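Worksheet: the structure to be examined is printed underneath.
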There are 2 protein chains.
Amino acid sequence: MRSYAGRSAEERRTERREKLIEAALELFGTEGYAATSIEKLCATAGVSTRNFYQEFSGREDLLLAVHGQITERAVAGIAELLSSLENAPLAVRISKAVTEYVRLTAGDPRVARVAYVELVGVSQTVEEHRLSWRAKWSALMEAEAARAASRGEAVTRDFHLSTVAIMGAVNELVYHWSTKRTDASRETVTAELTRLIMALLTVP
Amino acid sequence: MRSYAGRSAEERRTERREKLIEAALELFGTEGYAATSIEKLCATAGVSTRNFYQEFSGREDLLLAVHGQITERAVAGIAELLSSLENAPLAVRISKAVTEYVRLTAGDPRVARVAYVELVGVSQTVEEHRLSWRAKWSALMEAEAARAASRGEAVTRDFHLSTVAIMGAVNELVYHWSTKRTDASRETVTAELTRLIMALLTVP
DNA sequence: GCAAACTGACAAGACGGCTTTTCAGATTTA
DNA sequence: TAAATCTGAAAAGCCGTCTTGTCAGTTTGC
């Protein structure tokens, strides 16, 4: 491996990888995963098919990479936000977390589509990836609920099913809003979700 | 067209159609839509590929037929149930409707998988079909909410976003439970959903 | 300047599924 | 019984995609 065009081999690989992930976000997020061939991906990224197979084992691998990037950003953003609101009241923590989540995932409609539509039902492998992320989100929310309960801000009960329901509600609403923004303002959407989550945490 | 093997042409066509829909439910619901070829479908149904193309324009057409059957049964079941509970209190109507919905869609895990996973993100056409059904459910729920409000059983506000959130919550939880029944009893699931819906209808 | 390494573009083989056609055999009607 | 009709099974052509291999041209290190 030798440097080339002023860049090291490592840099060239990383750059190609990023260009392919960007192209995947664009194509998977607008035309759909099923309708996107590897040739289209490479043409959009300005990369040869040979390069493609140097970075990814196939189209599915690229899909997982795109989703991984999206979700890692979202998890990191929410975790950082919550830790910065250490002593804020529950309603504020929930409201700000929801607002940030909506911003991160629905800010770009392509992101929402990849995360909530294109990733679903692709294959056994992708499905396992999807469900494992879902479990992580669920655990994060259960921890937050337990914290609220211990501070007397929420009732004490098993919140596992509640977190699953919340994920469904949040994702469906975020996707709905990302496709039909005329339906309501962003504030209305976050208010609706905050109301739902607060209700689940405080109603016995 | 002539009768054959004691059956009219119409009967033979209907029977083949039903056998194909049953095979599709089995294969789409266990191995997945993407992994199911037309040959597999025909072999499972005990029908030739020639017959297949006499009944359906392609694999996607069959998927829509399966989902149509599932959803029509669910809508009809819920509508009938609600009209039979004309004067029952809201909590009872919601609870029984949720119970019936869970029974209809999660009773058979294959049904849940086809409805909530395999139908998502297949193609533009299928997506339109899916979103139009979602809009119908939303309208049904909005009407029910308006009815409850006029009887003083719910607050008066725009419930559109709430119905979208409810659909997400219900579908996610039903699917979750249909795959991991050990997590909770059916009663726990319906109780969780009833709580969520009642909270959204009564919290301002 | 030169050999070695790397590049993108292109092509070609492999593969699998879709869709139509063919065909021999079974069943019905006259 | 004979002709017409319908049947399932098999095959064959078609198509698009994936994946690997080749190649001439460019850049690098010495």
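Please read these numbers as outputs of a predicted model, since none were measured by experiment. Proteins come first, then strands; the chains are lettered A, B, ... in the order of their sequence lines, and each starts at number 1.
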Check your understanding: Are R110(B) and E22(B) close enough for a salt bridge, meaning some N to O gap below 4.0 Å?
Key -> yes

Rounded distance in Å - [atom1] ([X]) to [atom2] ([N]):
X      : N       : atom1 : atom2 : answer
I38(A) : dA11(C) : CD1   : P     : 19 Å
L41(A) : dG8(C)  : CG    : C1'   : 17 Å
E11(A) : dC6(C)  : CD    : P     : 15 Å
R12(A) : dT26(D) : CZ    : C1'   : 13 Å

Practice item. Measure from the side-chain N and O atoms of R130(B) to the backbone N and O of A115(B), and report whether any donor-acceptor pair falls under 3.5 Å. Key: no

**Study point:** Per-nucleotide protein contact string for nucleotides 8-13 of chain D, where B marks a base within reach and S marks sugar-phosphate only (heavy atoms under 4.0 Å, - for neither)
**Key:** BBB---

Practice item. Identify the two heavy atoms, one from I166(A) and one from M141(A), that lie closest to each other, and give their separation to 0.1 Å. Key: CG2-SD, 3.8 Å

Check your understanding: For DNA chain D, which residues in residues 53-66 of chain B have a heavy atom at a distance below 4.0 Å?
Key -> none

Exercise for review: Run through R13(A), K19(A), R12(A), R50(A) and flag the one making a salt bridge (charged side-chain N to carboxylate O under 4.0 Å, His left out) with E55(A).
Suggested key: R13(A)

Practice item. Can you establish whether the number of heavy atoms outside Q124(B) located under 6.0 Å from its atom CD is more than 12? Key: no

Review point. Which of these, V75(A), L193(A), N171(A), T190(A), sits in a side chain to side chain contact (heavy atoms under 4.5 Å, CB included) with Y101(A)?
Key: N171(A)

Check your understanding: How far does CD1 of I78(A) sit from CZ of R73(A), to the nearest 0.5 angstrom?
Key -> 14.5 Å

Check your understanding: Does the side chain of R93(A) reach to within under 4.5 Å of the side chain of R147(A), using non-hydrogen atoms?
Key -> yes

